[in-house]
*Asks:* 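Sharing a structure, written as structure tokens. Questions coming.
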Protein chains: 2
Amino acid sequence: MNANRREQIIHMAANLFLDRGYTAVTMRDLAQELGIKASSLYNHISSKEEILSAIVMGLAEEFSRHIEQVAQEDWGSVAKMEALIAMHVDTTLDKTSALACMNREWKFLDPDSRKRYLELRNAYEAQFLAIVQQGMRQGELKRRDPHIFSYSTLSVLRTLYHWYNKEEGFSKEKIKEGLVQNLLLGIVERPLL
Amino acid sequence: MNANRREQIIHMAANLFLDRGYTAVTMRDLAQELGIKASSLYNHISSKEEILSAIVMGLAEEFSRHIEQVAQEDWGSVAKMEALIAMHVDTTLDKTSALACMNREWKFLDPDSRKRYLELRNAYEAQFLAIVQQGMRQGELKRRDPHIFSYSTLSVLRTLYHWYNKEEGFSKEKIKEGLVQNLLLGIVERPLL
DNA sequence: GTCTATAGCGTGATAGAC
DNA sequence: GTCTATCACGCTATAGAC
């Protein structure tokens, strides 16, 4: 019942799930990567579902705490979104496999975790939307459909892990700057009349 | 060996795969939805993999043909991107489940299809990037990292199916207009100095 | 073209020796 | 804490009657 061993199992599982997907990875695969037999895993974890839950739920709570904190700061809408973008980039680069698991495999969570995950995700989207609406009310943002902007922006942030390492020279700072410019300032040189 | 029955199977499979994921849907589930037994499916299709391939590959070829055609038009970069955005929105709304399968389940394609799919996807990304670079060369777009812009824009277009039906009143035209504005023109009222 | 029956295999998980 | 052995089950796919 070594706790380090447990962490090691969960970490290795996240990497395998990232590569092949939750259902395609067997307990035998996972054990083999760690140099033990599948049955030995059960001294450290109680089920495959528990591993997924351990990977996903910690991260989901982390995102929730962060947006909660940002939302109550006394900042403008743009500053808040910059902080959220930065946090997504940091998490994507530091915890790639866990983040990819969260986005792709949450449907396989046990019912309780799944319910909690969806609550957290819906709350995150609602807080993000509120920040956008704040910006539009206060004149900092153009008055557009705030839903379309929120959903499409969150889509970019949630799928960074697909491409952040596809080209050389994508540093954290460069990605953050690029995303802020593209998402917030636009790319067209002179708005078409 | 009725061809309509085959189409019916493939269509139903796409819907189930969208809901529960390719691996979680069994041939028994699929057969039951159609009111027959699992073994009867094999009079119309030869394997579960073949169903996935039929769903995914047709759509992948369709996207390729479209960007190929747009790329060789004598349009500006912005007009080309607007055409691509419109095509993504149309396809997302008209073929939601097939599109979601393509994005989420392509890893389970048989090796040949998988190889072909990745070739098509890489070619699509390269063509999109070339359109962006064209715009920057010709002064139509701001000079930014074209990779970051391409990847993040494609992320939005590829994941539309996640949210396009979350709110009432998201019509095709409204989504297209919203995306063009958000992705190309930006949301910030007055660029921060 | 659908059925029943079943082959053949891989899965998550457990029991009990060491 | 890891092992061997195994259970109980579900999976894709096939054979052959109707």
*Asks:* Measure from CZ on B:Phe108 to P on D:dC11 and round the result to the nearest Å.
*Replies:* 15 Å
*Asks:* Measure all distances between protein nitrogen or oxygen atoms and nitrogen or oxygen atoms of nucleotides 4-11 of chain C, and list the pairs falling under 3.5 Å.
*Replies:*
residue, atom, partner, partner atom, Å
C:dT4, O4, B:Ser39, OG, 2.8

*Asks:* Once you round it to whole Å, what is the distance between P of D:dC11 and CG of B:Leu30?
*Replies:* 13 Å
*Asks:* For B:Arg5 and B:Gln8, which I'm curious about, is there any donor-acceptor pair between the side chains at under 3.5 Å?
*Replies:* yes
*Asks:* How many Å lie between CD on A:Glu50 and C1' on C:dG12, as a whole number?
*Replies:* 14 Å
*Asks:* Closer than 4.0 angstrom, basic N to acidic O: yes or no for A:Lys176 and A:Asp90?
*Replies:* yes
*Asks:* How long is the line joining CD1 of A:Ile51 and C1' of C:dG12, in whole Å?
*Replies:* 11 Å
*Asks:* Rounded to whole Å, how long is the line connecting atom CD of B:Glu49 with atom P of D:dC11?
*Replies:* 17 Å
*Asks:* Taking CD1 from A:Ile9 and P from C:dA13, how many angstroms apart are they, rounded to a whole number?
*Replies:* 13 Å
*Asks:* Does the gap between the ring centers of A:Phe108 and A:Tyr22 come in under 6.0 Å?
*Replies:* yes
*Asks:* Are A:Phe149 and A:Leu129 connected into the same hydrophobic cluster when the rule is that any two of I, L, V, M, F, W, Y join if their side-chain heavy atoms are below 4.5 Å apart?
*Replies:* no
*Asks:* May I ask you to decide if the ring planes of B:His88 and B:Phe63 are parallel, tilted or perpendicular, using 30° and 60° as cut-offs?
*Replies:* tilted
*Asks:* Expressed in angstrom and rounded to an integer, what is the separation of B:His44 atom NE2 from D:dA13 atom P?
*Replies:* 15 Å
*Asks:* Is it the case that the side chains of A:Thr96 and A:Tyr164 hold a donor-acceptor pair, with the cut-off being a distance below 3.5 Å and no angle test?
*Replies:* yes
*Asks:* Find the distance B:Ile36:CD1 to C:dC3:P and express it as a whole number of Å.
*Replies:* 6 Å
